Amino acid sequence: MTPSPGPVYTDHVDTVAIRAEGLEKRFGGTPALTGVDLAVEAGELVALLGPSGSGKTTLLRIVAGLERPTAGHVYFGGEDATFVPVQARRVGFVFQSYALFRHLDVGENVAYGLRVRPRHLRPSRADIRRRVSDLLDLVQLSGLDRRFPSQLSGGQRQRVALARALAVDPKVLLLDEPFGALDAKVRRDLRRWLRDLHDRTGHTTLFVTHDQDEALELSDRVAILNQGRIEQIGTPDEVYDRPASGFVAGFIGEAVRLPVDVADGIVTIGPHTLRNHTSSLSGPAALYVRPRDLVPADPHGGVPTRVAGVRRAGPARRAELLLADGLPTIEIELPADLTVARGEILHVQFRTLRLFPA
Amino acid sequence: MSDRATTEHAVLKSTDDASGVPSHGGRPVWPRPTIDEAPLTKAILVVLAVGFLALFIVLPLIAVFAEAFRRGLDHYLESFADPDTQAAIRLTLMVAAIAVPLNLVFGICAAWAIAKFDFHGKSLLITLIDLPFSVSPVVSGLVFVLLFGAQGLFGKWLAAHDLQIVFAVPGIVLATVFVTFPFVARELIPLMQEQGTSEEEAALTLGASGLRTFLTVTLPNVKWALLYGVLLCNARAMGEFGAVSVVSGHVRGLTNTMPLHVEILYNEYNFVAAFAVASILAGLALLTLMAKSVLEWRYGDALARTRLY
């Protein structure tokens with residue numbers, strides 16, 4: 001796709017807040033991003049999800065203007081921002097380690113973006129004070145404005161970083177692993193709180209995470225990255241229920257990858273043939289199995305497996321099943337009324353078949 | 001970690017085993033934490049450290065002042081009436097006033113480049129910064145003679161343009177800058193590396209210009225290390241002997257710095273005057289240490305903030 005100048009997108013101005021087109025980024029010889037296209041609607045909360053090294057942070061930093069792409073363009077509301085310096089982009093960026101100014105107190109941290117404005121754009125001292133106080137109310141840190149970052153907990157620092165980013169009234173909010181450094185409980189609370197805050201303030205938000213639960217729970221849409229490429233963009237339901245590639249199928253949900261063979265539409269796993277399913281693929285393929293994809297079946301319709309173990313997983317019980325020697329064990333979520341023991345034979349059926357070319 | 005835990009456990013269980021805790025006549029000895037040394041070891045270490053310090057540092061320091069004041073305050077003050085001594089003090093102050101600000105700027109630039117950017121030859125630069133520390137000061141001085149002396153690389157050109165560097169003030173400044181270069185940079189590099197670049201990036205995303213970011217984020221974060229580096233740099237700039245001695249030419253009243261002047265006076269058996277000038281240098285060293293301690297005591301909190309979190 002040839003990069004085109006801004007005016008082409010005038011019809012999108014109202015709805016598309018961030019558009020990335022054909023983004024490439026190489027560090028030295030190593031490619032970090034290859035041909036990334038992404039459009040984020042105004043007011044949307046979009047997650048960039050992927051394993052480490054997938055290029056998600058690089059993409060975020062390019063949108064922020066902290067990195068320059070090797071090729072491609074970034075548009076903000078239809079305007080080409082590729083060569084706009086970071087200072088002029090009006091992005092609110094929350095860093096993974098928060099990057100609070102350690103020598104300034106909380107109030108001064110939040111006020112920083114307002115105080116560095118040129119004189120004719122700078123609000124009055126009283127206005128700045130009011131804005132800081134409002135923002136600290138918003139992030140539920142009222143009264144802590146004289147504290148220094150070193151005197152705050154991780155969750156509090158995180159919220160100061162958010163207030164500081166919001167102070168400049170950003171066009172878009174960019175969060176890099178916003179909950180990465182927090183413990184599980186604080187993480188859950190902050191996640192819900194951030195979703196809440198987003199619904200109230202309506203900022204277009206792009207955030208990076210490697211935690212699929214976080215991405216699926218928090219975002220309107222999820223972009224899944226792998227090796228510098230976007231594998232799939234969709235609502236949490238879409239990416240969860242209809243993964244577009246083997247990578248997504250394996251990455252989302254607790255999937256186990258089984259090597260299978262397809263011949264004339266008939267799928268075989270090791271010695272077993274799946275009687276209730278057909279496939280349009282041909283040759284060796286990969287089957288991704290999640291615990292909920294399997295149901296117990298009667299011996300005539302199902303595939304026989306040996307129970308290798310039973311364990312508790314939160315509210316559910318799961319059994320580890322072995323289809324044949326040499327294959328990885330798969331898991332099934334057991335119904336409440338079914339008890340199995342290690343070594344027993346359990347017949348199972350596949351609800352859906354997530355089959356991708358190997 | 002686990003080693004210590006096991007040892008501690010063993011000590012708690014039985015006190016007269018291989019851990020070396022004596023049991024007096026079969027009486028049980030209270031277990032003590034293994035990180036604590038035996039009282040005798042402690043005493044020996046303390047005596048050794050304090051004794052060494054007294055013998056090699058405190059005693060000479062006292063000797064300098066004792067010798068300077070041997071014939072009373074009048075004689076001491078009289079030593080400073082000598083115009084050559086006054087010229088030496090003036091020259092030393094001037095050299096420090098030029099060399100320290102230069103190295104402040106160089107040091108910040110070098111530390112900034114090393115800590116915040118990746119570039120080819122970075123490790124070479126880090127090694128080179130330490131060169132003035134590792135090479136003998138005499139060699140540092142000789143380098144400038146070889147470069148700028150009459151027979152030196154630029155000697156002919158300099159002579160043709162009537163420029164005197166070696167055996168003149170510029171040479172002394174150059175040698176001092178060379179010798180004191182590492183102090184500021186060495187203080188800043190580890191701190192800046194530890195702090196990383198994310199605070200600067202945060203300032204940029206909030207709309208601050210590069211200069212503004214440097215002044216409001218980078219500099220405040222390193223100001224204590226910077227001050228400390230400047231103190232050390234200044235102490236060395238005023239006290240440098242070897243390199244300056246080679247390039248100075250020892251012209252009384254013109255190219256004689258305080259350390260050189262001390263040597264001349266001493267060689268002339270003018271002990272009171274020699275030690276009087278030396279006492280100023282020693283006093284400067286003490287003042288530097290005091291300033292450092294006061295800084296650490298007064299601004300300990302701010303200092304800790306720049307490192308922690």
Side-chain angles (χ1 to χ4, degrees), chain A residues 27-28 57 60-61 63-67 85-105 108-118 121-122 147-154 156-157 160-161 163-170 172-176 181, chain B residues 108 111-112 115-123 187-230 295-296 298-309:
Chain A
F27 292 109
T57 294
L60 194 75
R61 289 172 62 87
V63 171
L66 290 169
E67 305 273 0
V86 49
Q87 289 98 335
R89 289 203 187 185
R90 289 241 328 262
V91 295
F93 200 103
V94 174
F95 291 80
Q96 187 171 8
S97 52
Y98 320 129
L100 296 179
F101 305 127
R102 62 193 91 197
H103 65 289
L104 300 179
D105 66 30
E108 291 165 332
N109 260 284
V110 176
Y112 187 89
L114 299 172
R115 290 204 177 136
V116 296
R117 284 191 186 166
L121 292 174
R122 196 188 311 156
R147 296 269 192 95
F148 282 93
S150 56
Q151 298 166 318
L152 300 178
S153 71
Q156 289 172 328
R157 281 176 201 162
V160 173
R164 182 178 69 177
L166 289 172
V168 295
D169 193 17
V172 298
L173 201 53
L174 307 172
L175 314 170
D176 187 6
Chain B
I108 292 175
W112 177 276
K116 315 263 171 180
F117 303 121
D118 274 317
F119 53 91
H120 289 293
K122 181 164 152 173
S123 52
E187 281 299 316
L188 294 186
I189 289 167
L191 184 61
M192 280 183 157
Q193 276 178 332
E194 183 195 317
Q195 289 177 347
T197 49
S198 60
E199 279 180 61
E200 277 87 1
E201 288 184 340
L204 294 178
T205 62
L206 291 168
S209 65
L211 180 65
R212 181 103 194 190
T213 300
F214 177 73
L215 292 177
T216 57
V217 177
T218 311
L219 216 47
N221 274 348
V222 299
K223 64 182 168 193
W224 301 114
L226 193 64
L227 208 55
Y228 188 41
V230 165
L295 279 180
E296 277 169 2
R298 172 71 182 78
Y299 297 103
D301 288 353
L303 212 59
R305 269 205 300 279
T306 63
R307 295 191 187 265
L308 284 176
Y309 140 76

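By convention in this document, chain letters (A, B, ...) are assigned in the order of the sequence lines, proteins followed by strands, and residues within each chain are numbered from 1. Only a predicted model underlies this, so the values are computations on that prediction, with no experimental measurement involved. Quick note: numbers below take in every heavy atom, side chains included, and nothing from hydrogens, waters or symmetry partners.
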- Toward chain B, the part of A:Arg90 with a non-hydrogen atom under 4.5 Å: neither
- Message: Report which part of A:Val86 has an atom under 4.5 Å of a heavy atom belonging to chain B: side chain, backbone, both, or neither.
- Response: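 The answer is both parts of A:Val86.
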Is the backbone of [Y] close enough, under 3.5 Å, to the side chain of [X] for a donor and an acceptor to pair up by distance?
| X | Y | result |
| --- | --- | --- |
| A:His103 | B:Leu219 | no |
| A:Arg157 | A:Pro149 | yes |
| A:Gln87 | B:Ala208 | yes |

- The interface call for B:Thr197 against chain A, heavy-atom contacts under 4.5 Å, is neither
- Query: Going from CZ on A:Phe101 to CZ on A:Arg164, what distance comes out if it is rounded to the nearest 0.5 angstrom?
  - Reply: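 Between atom CZ of A:Phe101 and atom CZ of A:Arg164 there are 4.5 Å.
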- Item | Most contacts with chain B, counted as non-hydrogen pairs under 4.5 angstrom, among A:Arg115, A:Arg117, A:Arg61 |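 Option with the top pair count is A:Arg61.
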